[in-house]
Amino acid sequence: MANYSEEENDKNLKDSKKKSGLSKFFLVLKIIGFPLLIAGIACLIISQISFGQFENNNFIVFATIGSLSCFLGLVCLMIGFVPTIQKYNIKMKKYIQDENKKDLKDIADTKADIVGGAVTKTTKNIKKGLKDNKFCKYCGAEIDSDSIFCNMCGKEQ
């Protein structure tokens, strides 16, 4: 169990209260959002049913209230689900990193082996005194002095 100073404990308590307050805020938005959306849909349905049966004012009132209620309900729901969406986004990023970590390590190891071998071959050839010959700067293989591409790795010189 970690030992925290009194300041750290106070800070952790404040942070947890802040998070608790925010989580309550998002929960309240979700709770408000669903009834607003349902009430808005009901008002829109009533406005369509009452289009020819009641006075014109009823249609306009129900359509306006329904539209506004649907809009506010959707906004509350979207804001209320932001933390949930962020959690899934973070989990997805971690999953992608974990899945690609092995591939990236293999690529880095392979690249290091290729470069390391090329450097070793090139330095050996230079030490032998074969400075008149041309060597591939990628794999270290000996190539003709007028070659544009390496005979071994095929890369452009």
Side-chain angles (χ1 to χ4, degrees), residues 1-122 136-141 143 147-157:
M1 190 172 198
N3 294 329
Y4 294 110
S5 69
E6 202 170 306
E7 290 177 9
E8 290 173 334
N9 284 335
D10 289 343
K11 185 180 181 216
N12 290 337
L13 185 62
K14 286 178 185 176
D15 288 344
S16 66
K17 283 183 180 178
K18 211 181 273 187
K19 287 179 185 176
S20 174
L22 278 175
S23 63
K24 286 178 185 176
F25 170 73
F26 289 117
L27 179 63
V28 167
L29 283 176
K30 289 179 198 175
I31 292 171
I32 292 172
F34 281 115
L36 273 174
L37 184 62
I38 292 169
I41 292 171
C43 284
L44 287 173
I45 291 171
I46 291 171
S47 72
Q48 291 301 312
I49 293 171
S50 68
F51 179 62
Q53 297 176 359
F54 301 115
E55 300 173 7
N56 288 341
N57 292 343
N58 288 342
F59 165 74
I60 294 169
V61 168
F62 277 111
T64 305
I65 291 172
S67 299
L68 184 61
S69 180
C70 283
F71 175 75
L72 291 175
L74 286 173
V75 168
C76 287
L77 286 173
M78 286 173 31
I79 294 171
F81 280 104
V82 164
T84 308
I85 294 168
Q86 286 178 338
K87 267 190 230 175
Y88 286 119
N89 193 10
I90 290 169
K91 285 181 183 179
M92 182 61 74
K93 285 179 181 177
K94 285 181 180 177
Y95 173 77
I96 290 171
Q97 285 176 348
D98 290 343
E99 288 295 312
N100 292 324
K101 197 178 285 184
K102 184 181 179 289
D103 293 337
L104 292 172
K105 187 177 181 329
D106 290 345
I107 291 169
D109 290 344
T110 305
K111 178 100 172 139
D113 291 344
I114 291 171
V115 172
V119 170
T120 305
K121 286 180 183 178
T122 305
C136 176
K137 58 185 172 183
Y138 297 102
C139 69
I143 56 175
S147 292
I148 298 173
F149 296 95
C150 175
N151 296 335
M152 294 297 289
C153 67
K155 293 192 178 180
E156 187 174 359
Q157 299 300 306

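What's counted below: heavy atoms across the whole structure, side chains too, no hydrogens, waters or symmetry copies.
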Please report, to 0.1 Å, the donor-acceptor pairs under 3.5 Å made by any side chain of residues 60-89, with sequence neighbours excluded.
residue	atom	partner	partner atom	Å
T64	OG1	I60	O	2.7
S67	OG	A63	O	2.8
S69	OG	L36	O	2.5
S69	OG	G40	N	3.3

Measure the [atom1]-[atom2] distance between [X] and [Y] for me, rounded to the nearest 0.5 Å.
X   : Y   : atom1 : atom2 : value
I45 : I49 : CD1   : CD1   : 7.0 Å
I31 : F26 : CD1   : CZ    : 14.0 Å
K30 : F34 : NZ    : CZ    : 8.5 Å

Identified side chain to side chain contact (heavy atoms under 4.5 Å, CB included) partner of I96 from the options K93, K94, M92: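 Result: among K93, K94, M92, M92 is the only option passing the side chain to side chain contact (heavy atoms under 4.5 Å, CB included) with I96.
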Taking only residues two or more places apart in sequence or in another chain, which ones pass side chain to side chain contact (heavy atoms under 4.5 Å, CB included) with I148?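 Side chain to side chain contact (heavy atoms under 4.5 Å, CB included) list for I148, sorted by chain: E156.
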